[in-house]
Amino acid sequence: METTDIKKNVQNILQTLPPNVTLVAAAKTRTGDEVKAAVEGGVKVLGHNYVQEAEQMHEEIGEWTESRDVKWHMIGHLQRNKAKKAISLFDMIETLDSFRLAKKLQKECEKADKTMDVLIEVNSGEESNKTGVTPEFVKELVHKVSELDRLYIKGLMTMGPIGGNPENARPYFRLTKQLFDELSNSPKDNVSMETLSMGMSNSYLQAVEEGATLVRIGTRLFGPRACMTQFSNQPKHNS
Ligand SMILES: *Cc1c(COP(=O)(O)O)cnc(C)c1O
């Protein structure tokens, strides 16, 4: 998509968002120039799904985004063997969904003498996606992670069901918001429910109505993603 169109899309969406809601540009498969256009339109947070893709983009535009105080969030599933790279690339991991991963992040943060902000990913849609912790185990995971002093739990993230009528996503957003509220008076210093990340291109308005403070949007900013078959005659696409 033309960079001027991307800028306009960002500005249009920012106008529809209440001031307390942050727009995350979901950057998967997009070029450095497309992402820069989104930042020029007003995006303050970039979301990445893959550590390797984020690393490549960081080499290309990392200094440029840093000088504009743009934050980088991991929004895809994080594998433990990528934890070390992830803590060097990202300002927040939105997809913490197991204590094993939390322990690995804690260890890498200790080694690098860092701390990391995290969201707990809730598998609210259950059928539609396999990542995230199921709602009944969210509190237990928050409790265990709160014992890890390098990790700061800043809230919850959920995907909800993907596609379909966005009205059908409301019960999943509501469930996640309810957990968020229940956790919001935690006595632990490293647990503060500030960020509720939910809603994508087709469901962000419903998500905001249900209490989201951060929405992750790709298609509505950058246009549809190229279908994989369109890459089949080209050198292997690295993501
Ligand atoms: C791709 C992606 C989004 C954005 O999806 P769109 O439908 O393109 O807006 C949001 N969250 C996650 C985790 C994603 O992978």
Side-chain angles (χ1 to χ4, degrees), residues 1 3 6-51 53-78 82 85-96 105 114-122 151-160 173 176 180 192-205 207-208 211-223 225:
M1 189 178 271
T3 54
I6 294 171
K7 255 189 247 182
K8 262 187 242 148
N9 291 342
V10 170
Q11 286 159 355
N12 288 340
I13 288 188
L14 285 174
Q15 274 172 11
T16 67
L17 293 178
N20 67 314
V21 177
T22 302
L23 170 62
V24 176
K28 59 179 175 284
T29 77
R30 312 302 179 173
T31 66
D33 285 342
E34 288 174 316
V35 171
K36 279 164 102 172
V39 170
E40 282 167 346
V43 161
K44 298 267 184 235
V45 184
L46 305 178
H48 282 278
N49 285 74
Y50 308 101
V51 170
E53 192 182 47
E55 207 179 7
Q56 284 167 1
M57 186 160 292
H58 198 265
E59 272 172 35
E60 194 184 336
I61 65 166
E63 269 180 39
W64 187 91
T65 63
E66 223 155 275
S67 70
R68 282 155 183 81
D69 204 26
V70 172
K71 305 296 183 202
W72 291 50
H73 286 192
M74 178 62 172
I75 62 171
H77 181 68
L78 180 60
K82 302 273 170 68
K85 275 207 178 120
I87 65 154
S88 78
L89 281 167
F90 296 111
D91 300 290
M92 179 183 273
I93 311 285
E94 292 198 16
T95 48
L96 183 60
L105 288 168
K114 279 191 160 193
T115 62
M116 181 54 63
D117 288 349
V118 299
L119 303 182
I120 303 294
E121 183 182 354
V122 182
L151 302 186
Y152 286 78
I153 303 174
K154 295 291 186 184
L156 305 179
M157 179 273 211
T158 199
M159 294 284 284
F173 293 155
T176 310
F180 183 83
S192 58
M193 291 288 132
E194 297 165 14
T195 300
L196 182 55
S197 173
M198 49 190 201
M200 313 190 350
S201 285
N202 78 329
S203 59
Y204 76 97
L205 291 173
V208 167
T213 68
L214 191 150
V215 293
R216 309 174 310 269
I217 301 185
T219 311
R220 260 182 199 256
L221 304 184
F222 301 111
R225 287 194 302 281

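Reckoned from all heavy atoms, side chains included, excluding hydrogens, waters and symmetry mates.
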Measure the shortest side-chain to side-chain distance between [X] and [Y] over non-hydrogen atoms and say whether it is less than 4.5 angstrom.
{"X": "Thr213", "Y": "Glu194", "answer": "no"}
{"X": "Val35", "Y": "Val43", "answer": "no"}
{"X": "Glu53", "Y": "Arg30", "answer": "no"}
{"X": "Leu23", "Y": "Tyr204", "answer": "no"}
{"X": "Leu214", "Y": "Val45", "answer": "no"}

| field | salt bridge (charged side-chain N to carboxylate O under 4.0 Å, His left out) pairs, two or more places apart, involving residues 35-48 | value |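 Of all non-adjacent pairs touching residues 35-48, those that pass salt bridge (charged side-chain N to carboxylate O under 4.0 Å, His left out) are Lys7-Glu40.
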Between the main-chain N or O of [Y] and the side-chain N or O of [X], is there a donor-acceptor pair closer than 3.5 Å?
{"X": "Ser201", "Y": "Arg220", "answer": "yes"}
{"X": "Thr95", "Y": "His77", "answer": "no"}
{"X": "Gln11", "Y": "Gly42", "answer": "no"}

Pairing residues for [X] by the side chain to side chain donor-acceptor pair (under 3.5 Å) criterion, not counting sequence neighbours:
{"X": "Thr65", "value": "Trp72"}
{"X": "Ser197", "value": "Glu94, Arg216"}
{"X": "Asn20", "value": "none"}

Considering all heavy atoms, the nearest [X]-[Y] contact:
{"X": "Val215", "Y": "Met198", "result": "CG1-O, 3.5 Å"}
{"X": "Ala54", "Y": "Phe90", "result": "CB-CZ, 3.6 Å"}
{"X": "Ala86", "Y": "Ile93", "result": "CB-CD1, 4.0 Å"}
{"X": "Leu221", "Y": "Ala25", "result": "CD1-CB, 3.7 Å"}
{"X": "Gly76", "Y": "Met74", "result": "O-CE, 3.5 Å"}
{"X": "Lys85", "Y": "Val51", "result": "CB-CG1, 3.8 Å"}

Looking at [atom1] of [X] and [atom2] of [Y], how far apart are the two atoms once the value is rounded to the nearest 0.5 Å?
{"X": "Ile87", "Y": "Leu151", "atom1": "CD1", "atom2": "CG", "value": "9.5 Å"}
{"X": "Ile120", "Y": "Met157", "atom1": "CD1", "atom2": "CE", "value": "11.5 Å"}
{"X": "Asn202", "Y": "Ile217", "atom1": "CG", "atom2": "CD1", "value": "10.0 Å"}
{"X": "Glu55", "Y": "Glu60", "atom1": "CD", "atom2": "CD", "value": "13.5 Å"}
{"X": "Leu205", "Y": "Ile13", "atom1": "CG", "atom2": "CD1", "value": "8.5 Å"}
{"X": "Phe173", "Y": "Met159", "atom1": "CZ", "atom2": "CE", "value": "10.0 Å"}

| Under the ring-ring contact (aromatic ring centres under 6.0 Å, His included) test, residues paired with His73 that sit two or more places apart |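 Listed in chain order: nothing, the list is empty.
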| query | Looking at Thr195, Leu119, Val118, which hits side-chain contact (heavy atoms from CB on, under 4.5 Å) with Ile153? | reply |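 By the side-chain contact (heavy atoms from CB on, under 4.5 Å) criterion, Ile153 pairs with just one of Thr195, Leu119, Val118: Val118.
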| task | State which residues pass side-chain contact (heavy atoms from CB on, under 4.5 Å) with Asp117; sequence neighbours excluded, sorted by chain then number. | result | Met92, Tyr152, Lys154
| request: Could you go through the side-chain contact (heavy atoms from CB on, under 4.5 Å) check for Leu46 and Val39 one step at a time? | output: CA-CA 9 Å; Leu46 305 178; Val39 170; 4.1 Å; yes
| message | Using the rule given for side-chain contact (heavy atoms from CB on, under 4.5 Å), can you reason through Ile75 versus Asn49, listing the C-alpha separation, both sets of side-chain angles and the distance that settles it, and then say yes or no? | response | CA-CA 5 Å; Ile75 62 171; Asn49 285 74; 3.8 Å; yes
